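Here is the structure we will look at.
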Amino acid sequence: MTGAVSFDSATFRHVLGHYPTGVCVVTALEADGAAAGMVVGSFTSVSLDPPLVAFFPAKSSESWPRIERAGKFCVNILASDQQPLCRQLAGKQLDKFAGVTHRLSEGGSPILDGVVAWIDCQLDAVHGAGDHYIVLGRVTALEVEKPGKPLLFFQGGYGEFTQFI
């Protein structure tokens with residue numbers, strides 16, 4: 001179904017902003033050894049067999065092509081105390097990774113220090129979807145690094161999960 005909609009992009013963002021999302025950083029290592037990364041709030045598990053995950057970078061992203069060329073990536077689930085790291089890696093500066101401590105996964109992608117968990121993937125498929133891509137990653141390794149509260153994004157701000165007793 002195509003055609004005009006009865007709302008604008010601001011209304012779309014406002015309504016969907018009422019649904020909280022986790023905050024992840026997708027990282028990769030380029031052929032020259034430089035780390036590439038992008039902050040994503042739209043990340044999900046897709047399939048258990050085979051193990052697949054997905055995220056949705058904007059077609060206008062400058063970081064996504066660098067990750068795509070690597071052919072593999074690591075999804076780093078940020079901890080609630082990593083908001084400064086999130087803001088740094090979301091920036092447009094040339095070296096987003098200046099001062100960011102990490103190690104490489106067995107697959108060769110950066111695992112950021114202090115994350116709740118990480119998921120190492122091989123790029124499985126990329127599909128166009130409006131002004132974004134749907135990126136499917138085939139999970140090759142994953143681990144809970146530091147059990148704790150994840151960083152959440154809700155109504156334009158960052159926060160953490162609080163469990164009802």
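In this chain, residues are counted from 1 in sequence order. In this text, all values refer to a predicted model and were calculated from it rather than measured experimentally.
Atom-to-atom distance recorded for Gln122:CD and Ser109:OG is 8.0 Å, nearest 0.5 angstrom. Between the OG1 atom of Thr140 and the NZ atom of Lys72 there is a distance of 9.0 Å, given to the nearest 0.5 Å. To the nearest 0.5 angstrom, Gln88 atom CD is 8.5 Å from Asp95 atom CG. Of the inter-residue distances, the one linking Leu78 atom CG with Phe153 atom CZ reads 13.0 Å to the nearest 0.5 angstrom. In this structure, the separation between OH on Tyr158 and SG on Cys86 is 3.5 Å, given to the nearest 0.5 Å. From Ile67, atom CD1 reaches atom CZ of Phe73 across 8.5 Å, with rounding to the nearest 0.5 Å.
Contacts of Ala125 classified as side chain to side chain contact (heavy atoms under 4.5 Å, CB included), with partners at least two apart in sequence or in another chain: His127, Leu136. Contacts of Phe154 classified as side chain to side chain contact (heavy atoms under 4.5 Å, CB included), with partners at least two apart in sequence or in another chain: Pro20. Looking at residues two or more places apart in sequence or on another chain, you find no ring pair (Phe, Tyr, Trp, His ring centres under 6.0 Å) involving Phe43. Partners of Ser61 by side chain to side chain contact (heavy atoms under 4.5 Å, CB included), not counting sequence neighbours, listed by chain and number: Met38, Ser63, Trp64. In this view, Thr101 and Asp113 satisfy the side-chain hydrogen bond (donor to acceptor under 3.5 Å, both in side chains) rule, not counting sequence neighbours. Considering only residues two or more places apart in sequence or on other chains, Gln155 meets the side-chain hydrogen bond (donor to acceptor under 3.5 Å, both in side chains) condition with His18. Partners of Asp8 according to the side chain to side chain contact (heavy atoms under 4.5 Å, CB included) rule, which considers only residues two or more places apart in sequence or in another chain, are Ala10, Thr11. Residues passing the ring pair (Phe, Tyr, Trp, His ring centres under 6.0 Å) test with Phe56, sequence neighbours excluded: none.
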* Worked verdict on Leu123 versus Glu68 for side chain to side chain contact (heavy atoms under 4.5 Å, CB included) -> CA-CA 7 Å; Leu123 183 60; Glu68 183 178 29; 4.0 Å; yes
* side chain to side chain contact (heavy atoms under 4.5 Å, CB included) evaluation trace for Leu85 with Val25 -> CA-CA 10 Å; Leu85 174 63; Val25 175; 5.7 Å; no
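Contact between Val53 and Cys121 at its shortest, heavy atoms only, is CG2-SG, 3.6 Å. Across all non-hydrogen atoms, the minimal contact from Phe97 to Ala36 is CE1-C, 3.6 Å. Counting all heavy atoms, side chain and backbone alike, Ala79 lies closest to Val116 at CA-CG2, 3.6 Å.
Using a 4.5 Å heavy-atom threshold, the side chains of Ile77 and Ile119 count as touching. Taking the side chain as every heavy atom from C-beta outward, Leu142 and Asp120 never approach each other to under 4.5 Å. Val135 places none of its side-chain heavy atoms less than 4.5 Å from the side chain of Val26.
Heavy atoms of other residues, nucleotides or ligands lying less than 6.0 angstrom from CG of Leu16 number more than 12.
Linking Ile, Leu, Val, Met, Phe, Trp and Tyr residues whenever their side-chain heavy atoms come within less than 4.5 Å leaves Val40 and Leu89 in two separate clusters. Residues Val23 and Val75 are members of separate hydrophobic clusters, defined by side-chain heavy-atom contacts under 4.5 angstrom among Ile, Leu, Val, Met, Phe, Trp and Tyr. In terms of hydrophobic clustering, with Ile, Leu, Val, Met, Phe, Trp and Tyr side chains grouped at heavy-atom distances under 4.5 Å, Ile134 and Leu52 are assigned to different clusters. In the hydrophobic clustering of ILVMFWY residues, with side-chain heavy atoms under 4.5 Å counting as a link, Val139 and Phe55 come out together.
Residue pairs meeting the side-chain hydrogen bond (donor to acceptor under 3.5 Å, both in side chains) criterion with at least one member in residues 23-42, sequence neighbours excluded: Thr27-Asn76, Glu30-Arg66. Evaluation of the salt bridge (Lys or Arg N to Asp or Glu O under 4.0 Å) test over residues 143-165, restricted to residues two or more places apart or in two chains, returns Asp81-Lys146, Arg103-Glu145, Lys149-Glu160. For residues 46-56, no residue pair satisfies the side-chain hydrogen bond (donor to acceptor under 3.5 Å, both in side chains) rule, not counting sequence neighbours. For residues 131-142, every residue pair satisfying the salt bridge (Lys or Arg N to Asp or Glu O under 4.0 Å) rule, not counting sequence neighbours, is listed here: Asp124-Arg138.
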